[in-house]
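In listed order, ligands and their atoms are each counted from 1. Predicted model only: the values in this text are computed from it and were never measured.
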Amino acid sequence: MLLNEGQMHLFEHWPEPGVDDDKKKSFFDQVRRLNSSYPGGLVSYIQNARKLLADSKAGKNPYDGFTPSVPSGEVLTFGDDNFVSLEAAGVKEARNAAFVLVAGGLGERLGYKGIKVALPRETTTGKCFLQHYIESILSLQEASCKMVDDGCHTKIPFVIMTSDDTNALTIQLLESNSYFGMEPSQVKILKQEKVACLADNDARLALDPNDKYRIQTKPHGHGDVHSLLYSSGLLEQWKSEGRKWVLFFQDTNGLLFNAIPSALGVSAIKGYNVNSLAVPRKAKEAIGGITKLTHVDGRTMVINVEYNQLDPLLRATGHPDGDANCETGYSPYPGNINQLILELGPYIEELKKTHGGISEFVNPKYTDSTKMTFKSSTRLECMMQDYPKTLPPSAKVGFTVMDTWLAYAPVKNNPEDAAKVPKGNPYHSATSGEMAIYRANSLILRKAGAQIADPVVDTFNGQEVEVWPRITWSPRWGLIFRNVKEKLRGDSSISQRSALAINGRNIFLEGLSLDGTLIVNSVDEAEVKITGHVQNKGWTIQHVDYKDTSEKEEIRIRGFKFEKVEQLEVNYTEPGKHSLSA
Ligand SMILES: O=c1ccn([C@@H]2O[C@H](COP(=O)(O)OP(=O)(O)O[C@H]3O[C@H](CO)[C@H](O)[C@H](O)[C@H]3O)[C@@H](O)[C@H]2O)c(=O)[nH]1
């Protein structure tokens, strides 16, 4: 098969039989793996590569014949009646959902040595992203089941896609933390394989520079999630259990679950087969733009145009300024945050046709303008948000736009690169990711009627950010806005230098005035009333330089740490009514 596909160079250096036989066998083991993990096998991979490499060499525009325009979708306003009723609809649907986290990426831009889901989402509680995601899913599960008259016992499935770069550490994180309270059988790990590297325009496979009996491999991208789900058999299983929705999300967005309930509500009410979550996008921000593409033959689709392709597409279609902000100060194209909600039934039907194969692209770096040779080997890649590209025109493809402060604060950039982000564009760093959580929680409490002090502006690792009171809560306290409103009774106020960590379901703030640090933990069966004036020296914020190797990497990359001078910490471990009146 390899010889038929022009791959004889792979064997040219092979010595006579009897020499290096073990290595030769392991070469074929690898070939077998590469063959079975790609839809259509290696022959398809090589043929697809040849075609895409020829298109790339010819400078063919993948959007040839398409004209972009601004699509219309659902635009939600946090906290209004529509938002609140969509959240309720979403919680109701959640028991019919399955969640899929794509976490196979190495996070090269961040440069963190561990896996990204193990990073603290914020350092007030120190809970990592994965713990927050699991607790959010469990809270949704519980809240959703409560909405059924006779209760339900469904367990929302949670799939994590890993890769060789993240698999062992992800399993270790789950196992050493008892799956953060989830039943281990609820969690399924699907590991994506890498794909073969390509050495030249003829799609000759590249050998590993350090091992001539190994084909060099690189990641194929998050689009692999569709073929892995298809071949795992999970989709059919979910369908037979009566599930309706599959929600995909990425590794480090600490705000995401603020947006899930209402977006799922939109999917249910609008009957969307595909619903992408979006936020207003700053021109040139490294998130794709959701775009309506109209072909000369009349076809249209609403699809993510990746951030590196939007500018050339716009310039080629009569927009000389390319990817630019309009009078609103934002790009007219909503920014895709890669949170997709797919309706399970139509999703399975589509995958039966495609087997999960997703439209691919290739991005070779040529040595010169003749485009004859590559600087280094390349490979085919695919993205999960390209799933709608193969859908028929009858498919209901929509999107839901929410405020960035509420829904999107990823951790992708290292401090050095973040500090170079043009002013006004988001940093997408560990610093901004954590500060965004405090801002969102402060704004949500404000909207619910609490008096939250204004932020101060400070600079960490060269990034100017707003520092709001460090307010955090566990998902079972404030899953949706209605829950937050129910738990705020009477006038409460929180000063700027304060930190508040609420960890427990039934904790009610009834006229709390906080100036310092307060940590409240309670078991679910306890009902805790917090009133009065809590004042202490609190936790101060210390600056940390990202180059200061005496600090842990998790701290260095955010540029600050808390000095825990004084706090009030209360723990309610017994059921029943309790009150703290300071
Ligand atoms: O082979 C891979 C590559 C990535 N990932 C995972 O895919 C997610 C996204 O990866 P990146 O954060 O590197 O993605 P980008 O920033 O390049 O871009 C993606 O996320 C952006 C929003 O965060 C935009 O939505 C953009 O359109 C979309 O392609 C991460 O959870 C990552 O772990 C994999 O699982 N396997």
Side-chain angles (χ1 to χ4, degrees), residues 37-38 99-112 114-119 129-130 133 159-167 169-170 189-195 217-229 247-256 259 276-282 284-291 303-310 323 331 333-340 358-361 363 379-389 399 401-402 404 407-414 417-418 421 425-430 432-433 436:
S37 60
Y38 185 83
F99 283 84
V100 180
L101 166 63
V102 290
L106 196 50
E108 272 169 301
R109 277 180 284 160
L110 184 65
Y112 172 60
I115 49 169
K116 289 170 78 182
V117 291
L119 277 172
F129 282 105
L130 190 58
Y133 297 150
V159 171
I160 307 176
M161 182 173 81
T162 60
S163 67
D164 279 324
D165 296 323
T166 62
N167 190 59
L169 288 174
T170 306
I189 307 273
L190 299 178
K191 184 163 79 77
Q192 63 177 145
E193 294 295 335
K194 293 183 179 170
V195 288
T217 59
K218 284 187 181 168
H220 190 220
H222 37 71
D224 278 348
V225 72
H226 301 294
S227 62
L228 277 174
L229 277 175
L247 288 91
F248 296 84
F249 65 110
Q250 303 197 150
D251 47 19
T252 60
N253 181 8
L255 296 179
L256 177 72
S276 307
L277 241 81
V279 295
R281 176 180 181 277
K282 286 277 183 190
K284 310 204 168 52
E285 188 178 341
I287 61 178
I290 297 186
T291 309
I303 194 82
N304 173 74
V305 175
E306 199 55 339
Y307 45 91
N308 55 345
Q309 291 184 327
L310 189 59
D323 181 11
S331 157
Y333 298 91
N336 163 48
I337 64 170
N338 246 11
Q339 156 65 53
L340 309 177
I358 292 296
S359 119
E360 293 173 303
F361 60 96
N363 192 11
R379 84 291 196 179
L380 300 191
E381 294 178 75
C382 63
M383 302 191 293
M384 69 171 170
Q385 66 269 36
D386 279 343
Y387 163 74
K389 278 192 175 164
F399 62 93
V401 187
M402 272 181 239
T404 308
Y408 186 58
V411 177
K412 303 205 192 211
N413 289 327
N414 62 57
D417 291 340
V421 165
N425 274 25
Y427 299 116
H428 295 173
S429 68
S432 61

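The backbone N or O of Lys389 lies less than 3.5 Å from no partner atom in the side chain of Asp386, so there is not a single donor-acceptor pair.
Residues satisfying the ring pair (Phe, Tyr, Trp, His ring centres under 6.0 Å) test with Phe99, not counting sequence neighbours, are Phe257.
The residues Asp323 and Arg281 are annotated as salt-bridged, a charged nitrogen and a carboxylate oxygen being separated by less than 4.0 angstrom. The pair Asp165-Lys191 does not count as a salt bridge, with every side-chain nitrogen at least 4.0 angstrom from each carboxylate oxygen.
Partner of His220 under the side-chain hydrogen bond (donor to acceptor under 3.5 Å, both in side chains) criterion, out of Glu360, Glu193, Arg379: Glu360 alone.
Rounded to the nearest 0.5 Å, atoms CD1 (Ile287) and CG (Leu310) are 10.5 Å apart.
Ligand 1 is surrounded by Val102, Ala103, Gly104, Gly105, Arg109, Met161, Gln192, Pro219, Gly221, His222, Gln250, Asp251, Ile287, Gly288, Asn304, Glu306, Tyr307, Asn336, Ile337, Asn338, Met383, Gln385, Tyr408, Lys412, each with at least one heavy atom closer than 4.0 Å.
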